[in-house]
Each structure stands twice: as C-alpha cells, then as structure tokens.
Amino acid sequence: LPFAIAGKVPRVKDLIVYPHSLYRMSDIELHLETTVEKILPKKKKVLTSKGEFGYDSLIIASGSVPIIPSIPGVEKDRVYTLKGIEDGEKIISSLEDAKDVVVIGAGLIGLEMACAFRKRSFRPKVIEGENRILPSLLDEDMSKELKNHLVQGGIIFHLGSPAKEILGNKNVEGVLAGDEEIRADMVLLACGVKPDVHLAEEAGIELGNLGGIKVNERMQTSLDEIYAAGDCVESLHGLTAESISSMSMLGSTAVREGRVAGINAVGGSATLSPILNTTITELAGIEIGAVGLNSEVGLQSGFEVCSIRFEGSSLDPFFPGSEKIVIKMIGDRRSGKLIGAQIMGKERVWGRILAISFVMQKGITVEELAALETAYVPSISPTFDPITLAAEMLLRRMSQ
Ligand SMILES: Cc1cc2nc3c(=O)[nH]c(=O)nc-3n(C[C@H](O)[C@H](O)[C@H](O)COP(=O)(O)OP(=O)(O)OC[C@H]3O[C@@H](n4cnc5c(N)ncnc54)[C@H](O)[C@@H]3O)c2cc1C
C-alpha cells in the first residue's frame, strides 16, 4: 500500500496478487463479503452473515486492527488509518486537495507512508511519542542516522511528545503534540496494530499475555481442532531465555504460520520454529534490515548485552558504485551468541540480514559467524564480507 500511495505501483487494485480463479483452480471455496459472527466449538460450526458452515478443523486468521490512540479528535474527517485497500484508496483521493499531511507514529508503516507522501511532493510531518524513530526495531545510534537521512530528504520530525489532540471542527486543522500546534489538513494514525481476537475470545479460546491467541508450535489453540495463524496469534520468540512470546505482526511470519496451521488442520504434521522477526524495509533510498532484539530489549530480556557499530562498504571500496553499509551487531557475553543485528545502506542489505537471520536461527556463536565462509567478486561483494568483519569486531569487544 505505501508503494501504491507513492505511485510506484500504478493502481491500488494491482496489489491483489491472487485472482478468484486461482482459488477455484485450487478447489478452495471463497466466500467474500461474509462475516463470521460466532464460532460454536461444541457444535463444530461457524455462524456467518450468510449462514452456517460446519467444520472438521478450523483455522482462525482474523488478523489485526489498527490501534486508535485515545485522544480527542480521532473521529474527524480526513483522519485515516491504513490497513486495507479501501484505506489506501481513501488516502489517495484525500491527497488531491491536501496541503499539510501529518503522520502520528514513527514505526515501519508511519515512516513508509511519510516517504510515500514525500514522493508525492508533500513535506510530511511525523509525530512520535518516543524520542527516536523505529524505537522497537533500531538502537538509538542507528535510529539517529536514519532520521538524519530522512530529514535531508524533506521529512519533518516531532519526537518525544506524543500527539495529545487532533484539532479543528469537523475537518482537521492541526495536531497538538506537547505544547506545539502542528498544522494539518490530513492525519494518518500509524500507531501500530492489535490482534483481532474477539471471535476466539468469545469461543473460549485461551489468549496469551500479550493479548494474542495462544498457540503451540503446531499452531493449535487451546481448543481441539481449532488452529490460528498470523497477526492474531502470539508466536514463540526464538531468543528470550524463557518461553516468551512476541506479537510479530509481519506478513512473512503470517504466511509461515498459515502454512503450518494448514498442514496440521488437514491431518499432516508441521511445526513452526520460534521467530526472530526478520524485517526489511526501504525508506527514501535506504534499505534497513533488522533481526532479533535491539540492545534495549536485549537488556530488558536479561541478556548481558555487548554491541558494536561497524561501518564498511557494500563492495570492495575501489569498485565503482560501492556504498557505505552500517551494521549494528548485538551479542550476549554469557552465551557468546548473537541476539540481534541491524543493517542500513543504499544496497545489498537484504541478503546480509537474511544470512544473519539464518545463523541466528541455528544458534551459532559470534566467533563462528566471524569465521563464516563468504563469497567474493569485486562487483558483488568485498573480500571480507562486512558481516564477518562486524562479527570479528563484536568478538573482540565481548572478550574485553
Ligand atoms: C500498510 C501495511 C504494510 C505492510 N507491509 C508489510 C511488509 O512489507 N512486510 C511484512 O512482512 N508485513 C507487512 N505488513 C504486515 C502484514 O500485512 C500483516 O502481518 C499480514 O497481513 C497479516 O496477515 P493475516 O492474514 O494474519 O491478517 P490480515 O492481513 O489482517 O487479514 C485478516 C483478514 O481477516 C478478515 N476478518 C477478520 N475478522 C473476520 C470475520 N469475523 N469474518 C470474516 N473475515 C474476517 C479481515 O477482513 C482480513 O481480511 C504490512 C501491513 C500494513 C498495514
């Protein structure tokens, strides 16, 4: 959606990947515009707006809903959230006569949208209650570096003061953040999403501590023959010492979980390994990848955090087109293992964050990562890959 709003994907409708014919060809009966109103586990039935359906196995994939902050003014015209295609269409048509666009929230969606608005020649203003952008993903230094890049690109930030009110009568005129009134005639609320669990809760399915549906590694809920997957579930985190769950809220996690739930629901056997929340995005020409925990969350989770910041180049420095690549690596002194990494650069971030994600899934130590066999050709990758150099630096720091 942010790419469609930026104009990179020509039409919002192009975002629909699978046509209805594909479902028919796969023998899947698709019932659109049909709302499930109740699950009756004892009768193995669901009641919907278009009648009853019986089931042998059920998978709940009810997703998530945007979090609306409880501040005055959120109900005004031209205050939007972004979740589905209709939201995208409304935002695009509202931009036609908008002048001052404000985004509340500097998470992934808030920033992707701010960049989309910038691409359409607005000077978007982003309000964030925390004192840094992407606070749950990046360490402070990485966040600062990214912010400087986005400011240079024309995005205006108001950090450290949460939005208190959306001002105006029927229409939006501004946003109050701290004591400052920020002019706005359109506002996007990008304050995160929460799992949509009301159907599950009403059916008596157990929820976890974070408010998502509790599932085991087979994506089974607390009730027989009912599975759940995607944004509505709590997934087991691969790094926390005890069995602590995490709300992943990533499409990449949702499809993996959906596959496991689907296999098990029809009598197969599949398990989901704990998640690391491997994330990638692109903001104003910079790729940002992250996996595992940032330093702050690492400390809160009881790790003996040790981190380094490494600046290398995406190719051999002599090679034309070589770009700076910054790597933050976070290790745990006690186990010698990597618990998180963040990478930022104009190119070649994706493959590196995937490689780190893989080694983390395998639980290898920082020492082993420093010795990783990598490939070399000047036009694609340097002799010593930045991820092994960063690991070497972290290893030295950990042994001090
Ligand atoms: C703007 C935006 C950009 C994103 N970009 C990325 C990205 O680049 N990479 C990434 O990994 N993730 C991304 N995500 C996150 C990703 O979209 C979600 O993690 C993913 O869609 C979750 O899938 P899901 O099937 O669990 O839930 P959803 O996609 O939310 O689908 C749930 C569906 O269930 C339907 N539903 C709910 N209740 C009922 C009911 N009672 N009866 C019938 N139907 C019902 C809903 O209408 C909805 O269609 C993005 C999210 C947004 C909003």
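The figures here come from the full heavy-atom set of this structure, side chains too, leaving out hydrogens, waters and symmetry mates. Numbering of ligands and ligand atoms starts at 1, following listing order.
In this structure, atom 34 (O) of ligand 1 is in close contact with the protein, since a protein heavy atom lies within 4.0 Å of it. For atom 40 (C) of ligand 1, the nearest protein heavy atom lies closer than 4.0 Å. In this structure, atom 10 (C) of ligand 1 is in close contact with the protein, since a protein heavy atom lies within 4.0 Å of it. Checking atom 7 (C) of ligand 1 against the protein gives no heavy-atom contact under 4.0 Å. Contact annotation for atom 52 (C) of ligand 1: protein present (non-hydrogen atoms, distance under 4.0 Å). There is no protein heavy atom closer than 4.0 angstrom to atom 17 (O) of ligand 1. Atom 23 (O) of ligand 1 is approached by the protein to below 4.0 angstrom, counting heavy atoms only. Distance remark: protein heavy atom not present below 4.0 angstrom from atom 47 (O) of ligand 1.
One distance of note links CD1 of I356 with CD1 of I387; it measures 5.0 Å at 0.5 Å rounding. I182 CD1 to I127 CD1: the interatomic distance, rounded to the nearest 0.5 Å, is 3.5 Å. Between the CG atom in D316 and the CZ atom in F384 there is a gap of 11.0 Å [rounded to 0.5 Å]. Note that CD1 of I275 and OG1 of T253 are 5.0 Å apart. Values are rounded to the nearest 0.5 Å.
With respect to E89 and K13, a salt bridge is recorded, a charged nitrogen being found less than 4.0 Å from a carboxylate O. A salt bridge is absent between E368 and K362; no separation between the charged side-chain nitrogens and carboxylate oxygens falls under 4.0 Å. K170 and D77 are joined by a salt bridge, as a carboxylate oxygen and a charged side-chain nitrogen come within less than 4.0 angstrom of each other. Between D97 and R78, at least one side-chain nitrogen of the basic residue sits less than 4.0 Å from a carboxylate oxygen of the acidic one, meeting the salt-bridge criterion. At a threshold of 4.0 Å, the pair R132-E296 counts as salt-bridged, since one of the basic side-chain nitrogens sits closer than that to a carboxylate oxygen.
Side chains of D139 and Q342: a donor on one and an acceptor on the other come within 3.5 Å. Judged by distance alone, the side chains of E257 and S235 do bring a donor and an acceptor atom under 3.5 Å apart.
Interface atoms of ligand 1 facing L199, defined by a heavy-atom separation under 4.0 Å, are 41 (N). The M249 neighbourhood of ligand 1 comprises atoms 15 (C), 19 (O), with distances under 4.0 Å to a heavy atom of that residue. Near S64, meaning under 4.0 Å from one of its heavy atoms, ligand 1 places the atoms 30 (O). Atom numbering of ligand 1 starts at 1 in the shown order; those under 4.0 Å from a heavy atom of L82 are 1 (C), 53 (C). Near D231, meaning under 4.0 Å from any of its heavy atoms, are these atoms of ligand 1: 18 (C), 19 (O), 22 (C), 26 (O). Ligand-side atoms of ligand 1 in range of A254: 22 (C), 23 (O), range being under 4.0 angstrom from any heavy atom. For ligand 1 and G230, the ligand atoms under 4.0 Å from any heavy atom of the residue are 26 (O). Taking a cut-off of under 4.0 Å to the non-hydrogen atoms of A61, the atoms of ligand 1 that pass are 32 (C), 33 (C), 34 (O).
Checking only distances, I109 never comes within under 3.5 Å of ligand 1, N or O to N or O. Distances between N or O atoms of E112 and those of ligand 1 include no value under 3.5 Å. Ligand 1 has no nitrogen or oxygen under 3.5 angstrom from a nitrogen or oxygen of T35. Backbone and side-chain nitrogen or oxygen atoms of K83 are examined, and one is located within less than 3.5 angstrom of a nitrogen or oxygen of ligand 1.
Across the listed options G258, P195, S49, G251, G251 owns the non-hydrogen atom lying nearest to atom 12 (N) of ligand 1.
Within the 3.5 Å criterion, the main-chain N or O of K50 finds no donor-acceptor partner in the side chain of T34. The closest donor-acceptor contact from the side chain of E234 to the backbone of G211 lies under 3.5 Å.
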Pairs of donor and acceptor atoms involving the side chains of residues 389-400, under 3.5 Å and at least two apart or interchain, shall be tabulated with distances.
residue: R397; atom: NH1; partner: S307; partner atom: O; Å: 3.0
residue: S399; atom: OG; partner: L395; partner atom: O; Å: 3.3
residue: S399; atom: OG; partner: R396; partner atom: O; Å: 2.9

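Here the heavy atom of the protein found nearest to atom 43 (C) of ligand 1 is T34 O, 3.5 Å. The protein non-hydrogen atom at the shortest distance from atom 28 (P) of ligand 1 is G63 CA, 4.0 Å. Nearest protein neighbour of atom 36 (N) of ligand 1, counting heavy atoms only, is S62 O, 4.2 Å. Atom 42 (N) of ligand 1 has as its closest protein heavy atom V36 N, 2.8 Å.
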| request: Walk me through it: do M186 and Y80 pass the test side-chain contact (heavy atoms from CB on, under 4.5 Å)? | output: CA-CA 8 Å; M186 184 183 145; Y80 300 99; 3.8 Å; yes

